[in-house]
Amino acid sequence: MKKIITYSLVGLFILVMSCNKDIIESNSDYPELAPATQDINGGDWKPFIVSSSAGFAMPAPEAVNSSSYQEELKELKTLSSNITSEQRKIIDYWKVGSVLRWNEIMRQLVAKHNVPPYQNEDGTYPVPSAANPFSYPEFPFSNPPYAARAYAYLSLAQYDALIHAWKYKTQYNRPAPYKTDPSIEVSVTKNELPSYPSEDAVVSGASFELMKLLFPADIDYIKEMAEQEKTYRLWSGANVKSDLAAGDSLGRWVARQVIQRAKTDGMGVAGGNPAIWTKLEADCIAKGETPWISLETPKRPPMLPLFGNVKPLLFDPAIIASLRPGPPPSATSPQMRKELDEVLDFTSNPTKERMRIVNFWADGVATYTPVGHWNAIASDDFVNMQLSEIRWARNYALLNSSLMDAAIICWNTKYFYFNARPCQLDPRIKTLTGVPNFPAYISGHSTFSAAAATILGYLAPERSADYTMMATEASNSRMYGGIHYRADCEVGLQTGQKIGNLAIDRAKTDGSN
Amino acid sequence: MKIFVANLVKLGLTILILFPVTLKAQTEQDALMMGKQRLCVAGSYAYNSWEEYWEGTFKRNNDNIGKLSTQTGMLMLNYGISNDLNIMASLPYMSTKATRGTLSGLHGFQDFSVFVKWRPLKKQFGNQTVALLGVAGYSAPTNDYNIDFMPMTVGLGSKVLSGRLIADYKYKKIFATISAAYMHRGNVEIDRPAYYTDRQINSSMVKMPDAGNFQLRTGYRTSHNIAELFIDNMTSFGGFDIRKNDMPFVSNEMNSTRLGIEGKHYLNNLPSLGFHANVWTTVSGRNVGKATGFLAGIDYIIDFNSSKAK
C-alpha cells in the first residue's frame with residue numbers, strides 16, 4: 001500500500017514537472033514573406049519626408065562578372081552552407097519580413113519604457129533625459145504621444161528609404177546572387193527582386209539609426225538586431241556583402257534626414273514648464289470652467305501639454321483649429337451631470353464583459369500603448385496579404401502617420417479645453433483602469449482607434465467593418481473603465497476618423513495604386 | 001518595530017483569550033485529523049491590509065492606494081473518511097478596497113479547493129508522538145474573475161495542483177509541525193493579446209511560476225486547545241520583479257515570510273463547537289504587500305457515528 005502511494009506520488013510529481021508551460025506567441029507562426037508582387041515600380045512612389053536621394057552618393061555595384069563580385073559569391077557560398085540550428089532559427093525569424101520584425105521590436109521597446117517615473121523625495125518628479133539615458137528614470141518614458149511619434153518616424157524612415165532603395169534596385173538591376181551562381185545554398189524563397197541594395201540592410205540601417213535615438217538605453221540590443229538581420233542575409237544566401245553595405249548606408253542616410261525633421265518638430269519643448277502648466281489652469285478658469293487637476297499623489301505635471309503643437313505629418317499645422325472639435329459639455333451643465341451619471345453607473349455595476357473590454361484595450365503602463373495595439377492588429381492582418389517589403393512599409397507609414405497626427409490633434413484638444421476627468425468631478429466614481437495623467441476631452445483611445453480603423457479599412461477593405469467595431473469597443477472601454485465621458489469618446493472617434501481620411505487622401509495619390 | 005511586535009503579541013493573546021482556542025478544525029497545513037465519519041463545518045472571516053509593498057526588493061508606500069485591505073469569508077468542510085484519511089474542501093468570497101486614489105475595489109468568489117490528507121504514520125513512544133502526513137490538493141477559480149487589475153484583484157486565476165509533506169512531533173503537550181508544499185500552477189489567460197514581463201510576449205496566455213510553501217508551527221496542543229506560533233514562507237520558483245513604479249502582474253515573483261500566532265479551542269461542555277483565530281504579519285517579501293492580518297472562525301463537528309460508543 002505504502003509503496004503504491006509512494007510510486008503514485010513520485011509519478012504525479014514527474015507528470016507535473018514535465019507539463020510544458022511554455023507560451024506559444026501569436027507571431028511565432030507567421031509565414032515567410034511571399035509577396036504577390038515585388039512592386040517593382042516602388043521607386044516612383046511618393047516619400048513622406050526624404051523626397052530625393054540626390055544628396056546620397058550611392059556607389060554603382062561591381063558587375064556580376066567582375067572578380068570582386070566573384071570573390072563575394074565564393075565567400076557567400078561558404079557562409080550559406082552548413083547552417084547550424086542556431087543560425088536556422090535566426091533565418092526563420094527574419095525571413096518573415098524585415099519591416100514587420102522591426103515593428104515588433106519597436107513595440108517591445110515602447111512597452112519596456114512605458115513606465116511613469118517614480119517621484120523624488122520632495123514630491124516632484126524627475127524627467128528622463130536623453131543625454132543620460134541609463135540613469136533613473138531611464139529615457140524615454142514612452143507614453144502614448146511619445147510612442148505615436150516614435151512608431152511614425154520609424155515607419156516613415158523605413159518607407160522613404162525603401163522607395164530610394166527600389167529606385168536603385170531597378171536602376172542597377174543586379175540579380176540575386178543565386179541567379180548568378182545557382183550552386184549557392186539558399187534558405188529563403190527565391191525571388192526576382194534585384195538585390196542591390198539589400199532591402200533588409202536598408203531597413204536594418206534606417207531602423208538602427210532612428211531607434212538608437214528613440215531608445216538610447218537599448219543601443220546594444222538594437223545594434224545586435226541590426227547586425228543579426230544583415231548576417232541573416234548572408235547565411236540565407238540572399239545577399240552578398242556589397243548589397244548589404246550599400247543598403248545599410250542608404251538606410252542610415254535616409255534615417256538621418258528624417259531625424260533632422262524630427263529634431264525640429266516641436267517635441268523638444270512639448271513637456272512645457274511650471275509657468276505653462278499654471279497658465280493652462282488659469283486660462284481654463286478664466287473661461288468659467290473647472291480645470292483639470294492631476295489625480296495622482298503627489299500631483300504629477302500634465303503629460304506633454306505642448307505635444308499638440310508638434311508638426312503634423314498629414315496636414316498643415318495652420319488647419320489645426322479647423323480640425324479641433326468644439327468644447328465639451330461645461331463641468332456644471334445638466335449634460336455633464338448626465339454623462340457623469342452614466343460613467344458612475346458603469347463603474348458601480350461592472351460586468352465581466354465590460355471589465356474584459358476595459359482590460360483588452362487598457363494599453364496602459366508597461367504596454368505598447370494604443371498605438372502599438374493597432375500596429376499589432378494591423379500586423380496580424382498584413383501577414384496574410386502577401387505584401388512586398390516596400391508595401392509593408394507603406395502600410396505602416398500610412399497607419400503610423402495617422403496615429404501620430406491623431407495624437408497631435410487629440411493632445412491639442414485636451415490642452416485647449418483642459419477639462420477634468422470624471423472622478424475629479426464626482427469622487428464616487430472609482431475606476432477599473434488607471435486614470436491617465438492629462439485632461440479628458442477628447443479620448444486618446446477613441447481618436448487613435450478611429451484614425452487607425454479608417455486607414456486600415458482602406459488598406460484592408462474586407463476587414464473594414466471589423467476595424468470600425470474594434471474602434472467603437474476601444475472607445476467604449478474608456479467609459480466602462482470610468483475615465484472618460486461619452487462626449488470624449490464620441491467626439492474622439494469623429495476626430496480620429498478625420499485624420500484617417502487625410503491618410504486615405506494621401507494613399508490614393510502616392511503612386512502605389 | 002519592537003513595539004509593533006509587542007502589540008501584535010498582545011493582540012494575539014487577547015484573541016486567544018476571547019476565543020478560548022480551538023481545534024480539530026484542520027487546514028491542509030496542519031497535522032490534525034478529523035475522526036472517522038465526522039464532518040467539520042468551518043466558517044471564517046479574515047482581514048488583511050497593507051500600506052507598504054515591495055517592487056522587487058524596493059519597499060515603498062503609494063499615496064494612490066493608501067491602505068489596501070482584503071476581506072475574506074470562507075466556508076470549509078472536512079470529512080474523516082477514516083481516522084487517517086480526510087478530505088476537505090473550501091470556498092472563499094473576497095473583497096478588496098483601497099483607501100486612497102481612484103482604483104475601484106473588486107469582490108467575488110475566488111478559488112474552490114479540495115485536499116486529501118493522509119496520515120500513513122503515527123507512532124507513540126512514551127510521552128512522544130511522531131506523525132507523518134501527506135496532502136494532495138487541487139484548486140481552481142470558480143469563475144473568470146478579473147486577474148488583470150492588480151493589486152485590486154481577488155486572486156491569480158490559476159489552477160493549482162499541490163503536494164505537501166508534514167512531519168509532526170509532540171512531547172507531552174508541546175508540539176512542532178514542519179511542512180513543505182510544492183504548488184504547480186497552471187498558466188492563466190488575461191484579457192489582452194500582449195504583455196511585458198522582462199520582454200514583450202505576444203500572447204494572452206501567461207506562464208505562471210510554480211511555488212513552494214514552507215511552514216513551521218509550534219506550541220501547546222491538547223485535544224481541546226491549541227496555542228501555536230507559526231512562520232510561513234511562500235517562494236515563487238520563477239516570475240519577474242515589478243520594476244520601479246510599474247504595475248504588478250499575475251506572474252510576478254511573489255515571495256513572503258509571515259509570522260503569526262494561532263489558537264483553537266473546543267468547548268468542554270459542547271465539544272462539537274470550536275473557535276479558532278490567528279493574527280499574523282509579513283516580515284519580509286518581494287513583489288507583495290507587507291500585509292498584516294487576522295482570522296476568526298467557528299467550527300461545528302457533526303458526528304455521523306455518534307450512536308456508537310466512542
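Protein chains get the first letters and strands the later ones, always in sequence-line order, with residue 1 at the start of each.
- In this structure, CE in A/M355 is found 12.0 Å from CD1 in B/I147, a value given to the nearest 0.5 Å.
- With salt bridges taken as basic N to acidic carboxylate O contacts below 4.0 Å, none links A/R356 and B/D144.
- Using a 4.5 Å cut-off between heavy atoms, B/F237 does not touch chain A at all.
- Residue-environment remark: CG (A/L344) exceeds the threshold of 12 foreign heavy atoms within 6.0 Å.
- Rounding to the nearest 0.5 angstrom, the gap separating the CG atom in B/N187 from the CG atom in A/D22 is 8.5 Å.
- The two residues A/A366 and B/Y196 have their closest heavy-atom pair at O-CB, 3.4 Å.
- Heavy-atom pairs under 4.5 Å with chain A peak, among B/A98, B/G186, B/S203, B/S104, at B/S104.
- Neither the backbone nor the side chain of B/I190 comes within less than 4.5 Å of any heavy atom of chain A.
- Contact annotation for A/I24: only backbone heavy atoms (N, CA, C, O) come within less than 4.5 Å of a heavy atom of chain B.
- With values rounded to the nearest 0.5 angstrom, B/L106 atom CG is found 6.5 Å from A/L432 atom CG.
- Looking only at heavy-atom pairs under 4.5 Å with chain B, the residue among A/V435, A/I377, A/V115 that has the most is A/V115.
- Contact between B/N64 and A/E296 at its shortest, heavy atoms only, is OD1-CA, 3.3 Å.
- From B/N146, atom CG reaches atom NZ of A/K352 across 10.0 Å, with rounding to the nearest 0.5 Å.
- The distance from atom CD of B/Q200 to atom OG1 of A/T367, rounded to the nearest 0.5 Å, is 8.0 Å.
- Chosen from B/N62, B/T102, B/D148, B/D63, the residue pairing most often with chain A at heavy-atom distances under 4.5 Å is B/T102.
- Of the inter-residue distances, the one linking A/Q119 atom CD with B/R60 atom CZ reads 5.5 Å to the nearest 0.5 angstrom.
- In this structure, A/K430 and B/G101 approach most closely via the heavy-atom pair NZ-O, 2.9 Å.
- Residues B/D191 and A/N359 have side chains that bring a donor and an acceptor to within less than 3.5 angstrom of each other.
- No part of A/P298 comes within reach of chain B, as not one of its non-hydrogen atoms sits under 4.5 angstrom from that chain.
- The minimum heavy-atom distance linking B/P193 with A/H373 is given by the pair CG-NE2, 3.8 Å.
- The minimum heavy-atom distance linking B/K244 with A/Y136 is given by the pair CD-CZ, 3.6 Å.
- No more than 12 heavy atoms of other residues, nucleotides or ligands sit less than 6.0 Å from atom NZ of B/K36.
- Here the side chain of A/K21 pairs a donor or acceptor atom with the backbone of B/R185 at under 3.5 angstrom.
- No donor-acceptor pair under 3.5 Å is formed between the side chain of A/E25 and the backbone N or O of B/I201.
- Of the candidates A/D380, A/I23, A/N27, A/N27 is the only one forming a side chain to side chain contact (heavy atoms under 4.5 Å, CB included) with B/N202.
- Each of B/E55, B/M205, B/K207 has some count of heavy-atom pairs under 4.5 Å with chain A, and the biggest count is that of B/K207.
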